[in-house]
Amino acid sequence: MAEKVEKRTCKGSYTIEMAFLSGIWLLVIFASLLLLIGTHTRIQNTGTAAESSLYGSSWAVYSSENGKNKAAGLLQGKGNSFSVSGNDEEITTAFSYTLGIPYQNLKWEQTGMVKSKIIRPVLFIEKVEKAKNLIDTIQNR
């Protein structure tokens, strides 16, 4: 007697496999979005710091005022994550930003610092001319 063989079907197996894989796909998508947002924020903050530092140093060249105040004035309204310090030779703008990640209270700390030297061209040219004159005087003796 021949036994009747039952044929098993695997209906729905692809649905279960895709249910397992969908979590991985969502993780990849959201991690990529977080990386893009964090990188964009970092680039934006670095650009703002560089702009204010350069603005303050160029302002100090054209006027006798301290460029630190102008650089700080440019950052008003940008948030309290920026700080400006400097003297007569250099202006430094720093930022510190925390990007909150909505998973287990993770945080992405972003810090950066941009320095801009204050170079007064007239004083620099005068120093070069004095050095040339000194060299000529020493060589002619």
Value for OG (Ser32) from CD1 (Ile37), rounded to nearest 0.5 Å, stands at 11.0 Å
Please check if the side chain of Asn87 supplies one atom and the backbone of Glu90 the other of a donor-acceptor pair under 3.5 Å. yes
Here the gap from Thr46 atom OG1 to Met113 atom CE, rounded to the nearest 0.5 Å, amounts to 12.0 Å
task: With the side chain counted from C-beta on, respond yes when Trp59 and Lys68 share a heavy-atom pair under 4.5 Å apart, and no when they do not.
output: no
Non-hydrogen side-chain atoms of Ile24 and Leu27 separated by less than 4.5 Å: no
Residues passing the side-chain contact (heavy atoms from CB on, under 4.5 Å) test with Leu74, sequence neighbours excluded, are Glu51, Ser52, Tyr55
Above 12 or not: heavy atoms from other molecules or residues under 6.0 Å from CG of Asn105? no
Heavy atoms of Ser116 and Ser53 approach each other most closely as CB-OG, 3.0 Å
- Phe30 side chain reached by Leu34 side chain, heavy atoms, under 4.5 Å: no
One should read off an interatomic distance between Lys115 NZ and Ser85 OG, to the nearest 0.5 angstrom, of 8.5 Å
For Thr48 and Leu75 the tightest heavy-atom approach is CG2-CD2, 3.6 Å
Here the pair of heavy atoms bringing Gly38 nearest to Gln110 is O-NE2, 3.0 Å
Separation between CD (Gln44) and CZ (Arg42), nearest 0.5 Å, reads 13.0 Å
**Request:** State, with a plain yes or no, whether a side-chain heavy atom of Asn45 is found less than 4.5 Å away from one of Phe82.
**Result:** yes
Checklist line | Side chain proximity check, Ile119 to Ser57, heavy atoms < 4.5 angstrom | finding: no
Side-chain atoms of residues 122-132: list all donor-acceptor pairs with protein atoms under 3.5 Å, sequence neighbours left out, distances to 0.1 Å.
none

- Within one Ile-Leu-Val-Met-Phe-Trp-Tyr cluster: Trp108 and Tyr97, side-chain cutoff 4.5 Å: yes
Are side-chain heavy atoms of Val84 and Asn69 found at a separation under 4.5 Å?
no
dist Ile29:CD1 -> Trp25:CH2 (nearest 0.5 Å) comes out at 7.5 Å
Shortest non-hydrogen pair, Ile91 vs Gly56, comes out as CD1-C, 3.6 Å
In terms of heavy-atom contacts, Thr39 and Leu35 come closest through OG1-O, 2.7 Å
Validation row: Ile118, Glu89 side chains within 4.5 angstrom (heavy atoms): no
Output for pair (Phe95 CZ, Thr41 OG1), nearest 0.5 Å, gives 10.0 Å
Heavy-atom nearest pair, Val61 first then Pro121, reads CG1-CD, 4.0 Å
